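Note sheet for the following structure.
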2 protein chains.
Amino acid sequence: MELHEPELREVPVTAVLGALADDVRLQIVRALAEGGEYACGSFEFGVSKATRSHHLKVLREAGLTRTRAAGTSRYVRLRRDELDRLYPGLLDAVLTRSAAPGERV
Amino acid sequence: MELHEPELREVPVTAVLGALADDVRLQIVRALAEGGEYACGSFEFGVSKATRSHHLKVLREAGLTRTRAAGTSRYVRLRRDELDRLYPGLLDAVLTRSAAPGERV
DNA sequence: GAGCTTGTTCGATTTTTGTCGAACAAGGGT
DNA sequence: ACCCTTGTTCGACAAAAATCGAACAAGCTC
């Protein structure tokens with residue numbers, strides 16, 4: 001299966017930002033930011049499983065997540081430490097603003 | 001001409017990130033981050049002026065820049081204060097990593 | 001006013017991206 | 001062995017985005 005998980009520093013900034021620039025993926029990242037591992041199937045954001053698989057792949061190949069296979073499931077987690085080291089403030093900035101626009105901050 | 005400059009808080013996070021998730025626009029933002037105003041024409045990043053105009057529009061409508069018209073020129077500047085207030089760390093995180101990937105950090 | 005400069009807007013084209021259903025692969029249970 | 005569960009991959013398609021040249025608009029300058 002060859003889980004392609006690049007070194008974060010090898011990933012162009014635009015790819016990291018592009019991975020975050022999507023509603024579905026942002027919801028996934030927000031869920032992952034709670035910490036711990038989540039089975040792929042635990043993400044129910046109104047898209048088909050093919051689409052969900054696609055988004056998880058984008059996140060993984062942008063260096064944002066790691067994936068571990070166990071049985072028929074796969075467990076995904078955020079590469080938060082690396083992210084925070086290479087992009088200090090990025091995740092926090094994005095996550096605290098992840099709500100729908102319009103509300104007061 | 002109606003320069004459409006939205007309130008930053010009204011702009012979806014994905015739009016802000018999407019605006020930054022492009023090489024040309026990231027170069028523009030890096031230039032703008034030096035501070036001060038720049039005429040649109042001062043950005044020479046290997047694209048036609050139509051394309052450059054397009055990218056500046058994307059940045060403006062994502063709430064990242066303000067544009068002031070003076071004579072036949074337009075002067076663009078980064079809305080850094082607002083950005084830093086609403087997305088603390090975002091700009092810094094992105095700009096310090098704006099170099100081509102591959103180098104040591 | 002004619003002509004130049006600076007930008008924007010308008011198609012048109014190409015590329016990228018999001019989406020899905022269907023087919024497939026791999027593991028676990030009975 | 002068979003089936004069910006969990007995910008991925010494979011077309012296909014639609015929508016969005018990047019790009020350009022050409023036409024246009026608005027200020028200058030002479």
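None of these values were measured; they are calculated from a predicted model. All chains are named by letter (A, B, ...) in the order of the sequence lines, taking the proteins before the strands, and each is independently numbered beginning at 1.
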* To do: Looking at every strand, decide which applies to V47(B) at a 4.0 Å heavy-atom threshold: base, sugar-phosphate, or nothing.
  => sugar-phosphate

* Look at the side chain of S73(B) and the backbone N and O of A70(B), then say whether any donor-acceptor pair between them is shorter than 3.5 Å. => no

* Asked: Base, sugar-phosphate alone, or nothing: which one does A69(B) contact when heavy atoms must sit under 4.0 Å apart?
  -> nothing

* Asked: What is the distance from OH of Y75(A) to P of dT6(D), rounded to the nearest Å?
  -> 10 Å

* Asked: Considering all heavy atoms of both residues, which atom of A33(B) and which atom of L95(B) are nearest to each other, and what is their separation?
  -> CB-CD1, 3.5 Å

Between the protein and nucleotides 11-16 of chain C, which nitrogen or oxygen pairs are less than 3.5 angstrom apart?
none

* Residues E7(A) and R79(A) bridged, charged N to O under 4.0 Å -> no

* Asked: In terms of side-chain heavy atoms of A50(B), which of dG21(D), dT8(C), dG18(C) is nearest?
  -> dG21(D)

* For T51(B), answer base if it contacts any base atom (sugar-phosphate contacts may also be present), sugar-phosphate if it contacts only those atoms, and nothing otherwise; contact means non-hydrogen atoms under 4.0 Å. => base

* Asked: What's the spacing between T65(B) OG1 and L59(B) CG if we round to 0.5 Å?
  -> 5.5 Å

* Asked: Considering only dG18(C), dA22(C), dG7(D), which nucleotide approaches the side chain of A39(A) most closely?
  -> dG7(D)

* Structure fact -> Taking Watson-Crick and G-U wobble contacts under 3.5 angstrom, with | marking pairs to another strand and [ ] crossing pairs, the secondary structure of DNA chain D is written ||||||||||||||||||||||||||||||

* Rounded to whole angstrom units, what separation is found between the CZ atom of R74(B) and the C1' atom of dT9(C)? -> 11 Å

* **Distance, rounded to the nearest Å, where D23(B) contributes CG and dT19(D) contributes C1'** => 14 Å

* Donor-acceptor contact present, side-chain E5(B) to main-chain T67(B), <3.5 Å -> yes

* Structure fact -> Per nearest nucleotide of DNA chain C, the residue lying toward the 5' end, G71(A) or V24(A), is V24(A)

* S48(B) has a side chain; which of dG21(D), dG21(C), dT8(C) sits nearest to it? -> dG21(D)

* D22(B) CG to dA17(D) C1': how many Å, rounded? -> 9 Å

* To do: Could you tell me whether the side chain of R25(A) and the main chain of G18(A) form a donor-acceptor pair under 3.5 Å?
  => yes

* Asked: Can you check the L59(A) CG to dT8(D) C1' distance for me, whole Å?
  -> 16 Å

* Starting at OG of S48(A), measure out to NE2 of H54(A) and round the result to the nearest 0.5 Å. => 10.5 Å

* Test log, rule salt bridge (Lys or Arg N to Asp or Glu O under 4.0 Å), inputs R77(B) and E34(B) -> CA-CA 10 Å; R77(B) 63 184 189 281; E34(B) 301 295 319; over 6 Å; no

* To do: Keeping the roles fixed (side chain from T96(B), backbone from D92(B)), state whether a donor-acceptor pair exists under 3.5 Å.
  => yes

* Would you say dT6(D) has OP1 or OP2 under 4.0 Å from some side-chain N or O of R52(A)? -> no

* Rounded to the nearest angstrom, tell me the gap between atom CZ in R60(A) and atom P in dT9(D). => 7 Å

* Determine the contact category for S73(A): base if any of its heavy atoms lies under 4.0 Å from a base atom, sugar-phosphate if only primed atoms, P, OP1 or OP2 are that close, otherwise nothing. => sugar-phosphate

* **5' precedence on DNA chain D between K49(B) and G46(B) (nearest-nucleotide basis)** => G46(B)

* Inter-residue atom distance R52(B).CZ - S42(B).OG, 0.5 Å rounding -> 8.0 Å

* **Nucleotide dT8(D), atom C1' - distance to CG of L56(A) in whole Å** => 11 Å

* To do: May I have the distance from H55(B) (atom NE2) to dG7(C) (atom C1'), rounded to whole angstrom?
  => 15 Å

* Structure fact -> Checking dC20(C), dG27(D), dG7(D) against the side chain of T72(B) (C-beta onward), the nearest is dG27(D)

